Asks: 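The structure under discussion is supplied below as structure tokens; questions concerning it will follow.
These values consider heavy atoms only, across backbone and side chains, with no hydrogens, waters or symmetry-generated copies. Atoms within each ligand, like the ligands themselves, are counted from 1 in listed order. Keep in mind the model is a prediction, meaning the values are calculated, not measured.
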Amino acid sequence: MRIDVVSIFPEYLEGLKLSLIGKAAEQGLLDLNVHDLRDFTFDRHNTVDDSPYGGGAGMVMKAEPWALALEHILGEGPRGASASVGDHDGEKPKPILIVPSPAGRVFDQRVAEDLAGAEHLVFACGRYEGIDQRVIDWAGEHFDLRPMSIGDYVLNGGEVASMAMIEAVSRLVPGVIGNPESLTEESHEDGLLEYPIYTKPASWRQRDVPEVLLSGNHGAIARWRRDRRLERTAEVRPDLIAKLGELDKHDRAVLE
Ligand SMILES: Nc1ncccc1[N+](=O)[O-]
């Protein structure tokens, strides 16, 4: 998977070079590229913003630098190809352009799973009051355009949201997480929150690990874990319980 990020604060994305995502990039599982939007400005001050038409507080990101940055990314295409802008005669899917925004569709684990199958993701990190709408309209002709929100609160820009989405998506790309087993029974992977987890010592400050986990009885352990997941989900996220399919008698009893 190729991932491009455009930002006026490229150093914000340095974190992607660490840990599992960084290793995956070194191994070639992920082709991560961060671009400084100011590299696509040519005036003395590398201007990326200007005041909003119609008045109002704050500044708006100018269209041209964004179009040049996105064309540069399209022109590079999948490593080596030199497809020209809009050169999509259907043989390859358009790159997905994710525009982090509180006005976007909600990003969740289902969306992450869907995006994990993509070949090329591009993240446009807006700042200020946002990006001139004409860029978004123009981009819709060359990309599979996805305005996306990571939550109903307001950040100062799209960088943190992009980091969150890149991490959530990349870890689902085969090979990025060493043991795919660790992707099962995670919160939101199957609609339930994860079960409580313990490690040595078996007794710590008069708090003991639940007996069943020391029993070696795998059936009882699996049952205990599912019960805890149901209880925790019902307590913290009752909205997710409502979305579960038909529950069996035991599960219903746990929730009563
Ligand atoms: N919530 C947000 N606030 C600002 C920019 C992006 C955002 N988001 O959720 O992607």
Side-chain angles (χ1 to χ4, degrees), residues 1-18 21 30 32-38 40-41 47-54 56-67 69-70 73 94-118 120-140 142-173 186-189 193 236-237 239-240 243:
M1 173 186 283
R2 178 173 168 186
I3 299 175
D4 289 275
V5 187
V6 182
S7 167
I8 57 171
F9 294 122
E11 59 276 24
Y12 236 109
L13 288 298
E14 285 296 303
L16 294 175
K17 292 180 182 163
L18 303 174
I21 309 296
L30 299 173
L32 270 180
N33 310 277
V34 180
H35 309 266
D36 184 341
L37 182 66
R38 293 192 195 278
F40 298 92
T41 62
T47 310
V48 292
D49 64 320
D50 205 331
S51 52
Y53 278 119
M59 300 291 269
V60 178
M61 299 191 98
K62 293 171 65 63
E64 187 60 10
W66 275 106
L70 293 174
I73 289 166
K94 290 179 182 173
I96 295 175
L97 177 63
I98 295 168
V99 185
S101 160
R105 292 185 190 291
V106 174
F107 178 84
D108 61 14
Q109 193 66 17
R110 300 293 81 78
V111 173
E113 286 161 359
D114 174 48
L115 293 176
H120 189 183
L121 300 180
V122 182
F123 289 81
C125 300
R127 282 260 148 186
Y128 308 107
E129 299 311 309
I131 303 172
D132 187 307
Q133 182 58 40
R134 290 168 293 180
V135 176
I136 310 300
D137 300 342
W138 167 86
H142 307 285
F143 293 87
D144 172 352
L145 184 65
R146 311 275 184 99
M148 202 67 77
S149 166
I150 62 166
D152 294 338
Y153 41 80
V154 184
L155 301 168
N156 290 330
E159 286 79 6
V160 166
S162 295
M163 295 277 283
M165 290 188 269
I166 290 170
E167 181 158 324
V169 171
S170 302
R171 63 193 299 278
L172 300 178
V173 171
E186 290 185 312
S187 287
H188 305 293
E189 184 259 338
L193 301 185
V236 175
R237 289 292 304 277
D239 58 300
L240 295 179
K243 287 182 191 166

Asks: Any non-hydrogen side-chain atom of V236 less than 4.5 Å from a side-chain atom of L193?
Replies: yes
Asks: Please determine whether a side-chain nitrogen of the Lys or Arg among R237 and D239 lies less than 4.0 Å from a carboxylate oxygen of the Asp or Glu.
Replies: yes
Asks: Below 3.5 Å, can you tabulate the donor-acceptor pairs from side chains in residues 124-131 to any protein atom, sequence neighbours excluded?
Replies:
from : atom 1 : to   : atom 2 : distance (Å)
R127 : NE     : E159 : OE1    : 2.9
R127 : NH2    : E159 : OE1    : 2.9

Asks: Would the distance check show the side chain of T41 and the main-chain N or O of R38 forming a donor-acceptor pair, the cut-off being under 3.5 Å?
Replies: yes
Asks: Quick one: pull up CD in E189 and CG in L172 and give me the separation to the nearest 0.5 Å.
Replies: 9.5 Å
Asks: Between the side chains of D4 and H35, does any donor sit under 3.5 Å from an acceptor?
Replies: yes
Asks: Could you pull out the N/O contacts under 3.5 angstrom between ligand 1 and the surrounding protein atoms?
Replies:
from     : atom 1 : to   : atom 2 : distance (Å)
ligand 1 : 1 (N)  : Y153 : O      : 2.7
ligand 1 : 3 (N)  : L155 : N      : 2.9
ligand 1 : 9 (O)  : S149 : OG     : 3.4
ligand 1 : 9 (O)  : I150 : N      : 2.8
ligand 1 : 10 (O) : S101 : N      : 3.3
ligand 1 : 10 (O) : M148 : O      : 3.3

